[in-house]
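One structure below.
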Amino acid sequence: MLSARLSRLVDEGLLRKVPYREPGQRQRDEYRLTDKGRDLYPLLVALMHWGDKYLAGDDGPPVLLTHRDCGAPIELRFRCADGHEVAGPREVTPVPGEGAHLTRA
């Protein structure tokens, strides 16, 4: 089952296989995120944080994500391109993008 799931993630371009061999061992594959997989990572962390907030038991979340350098918990934040923090969806205005095809009625 795990092998099939990893193969699917490779086929979808989220992971890539990198062969490695430890001394005296057979060659194995390490799975690494591609650019596409790294771009998906914030979404997965957001879903994880949502689950931690609404579904974790009394003991707290099963896994904590921390900054490798200082050990502080990871937080996700929205910012506009000018650097302003965006507190929530009421501070966002959707506008047509370059890929929008506007039609007249």
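Annotation: the span from L43 atom CG to M48 atom CE amounts to 13.5 Å, rounded to 0.5 Å. Atom-to-atom distance recorded for E12:CD and T34:OG1 is 11.0 Å, nearest 0.5 angstrom. Annotation: the span from K17 atom NZ to Y31 atom OH amounts to 4.5 Å, rounded to 0.5 Å. Atom CG of L33 is separated from atom CG of L9 by 9.5 Å, given to the nearest 0.5 angstrom. Interatomic distance, R68 CZ to I74 CD1, rounded to the nearest 0.5 Å: 10.5 Å. Put simply, CZ on R16 and NZ on K36 are 15.0 Å apart, with the number rounded to the nearest 0.5 Å.
Summarising the geometry of D52 relative to P62, their closest heavy-atom pair is OD1-CD, 4.2 Å, with the distance given to 0.1 Å.
Look at R77 and E85 and you find a salt bridge, because one of the NZ, NE, NH1 or NH2 atoms lies within 4.0 Å of a carboxylate O, short of that distance. Ion pair D35/R38 flagged as a salt bridge, since at least one NZ, NE, NH1 or NH2 atom sits closer than 4.0 Å to an Asp/Glu carboxylate oxygen.
Under a hydrophobic clustering in which Ile, Leu, Val, Met, Phe, Trp and Tyr are joined whenever their side-chain heavy atoms come within less than 4.5 Å, directly or via other members, V10 and M1 fall into different clusters. L15 is connected to L2 through a chain of hydrophobic side-chain contacts under 4.5 Å among Ile, Leu, Val, Met, Phe, Trp and Tyr, so both are in one cluster. When hydrophobic clusters are built by joining Ile, Leu, Val, Met, Phe, Trp and Tyr residues whose side-chain heavy atoms come closer than 4.5 Å, directly or via intermediates, L14 is grouped together with L44. Y41 and V18 fall into different hydrophobic clusters, where Ile, Leu, Val, Met, Phe, Trp and Tyr side chains are chained together by heavy-atom contacts under 4.5 Å.
The number of heavy-atom neighbours closer than 6.0 Å to OH of Y20, taken from other residues, nucleotides and ligands shown, is above 12.
Between K53 and H49, the closest side-chain pair of non-hydrogen atoms is not below 4.5 Å.
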Stepwise side chain to side chain contact (heavy atoms under 4.5 Å, CB included) check, L55 with W50 = CA-CA 8 Å; L55 302 175; W50 181 89; 3.7 Å; yes

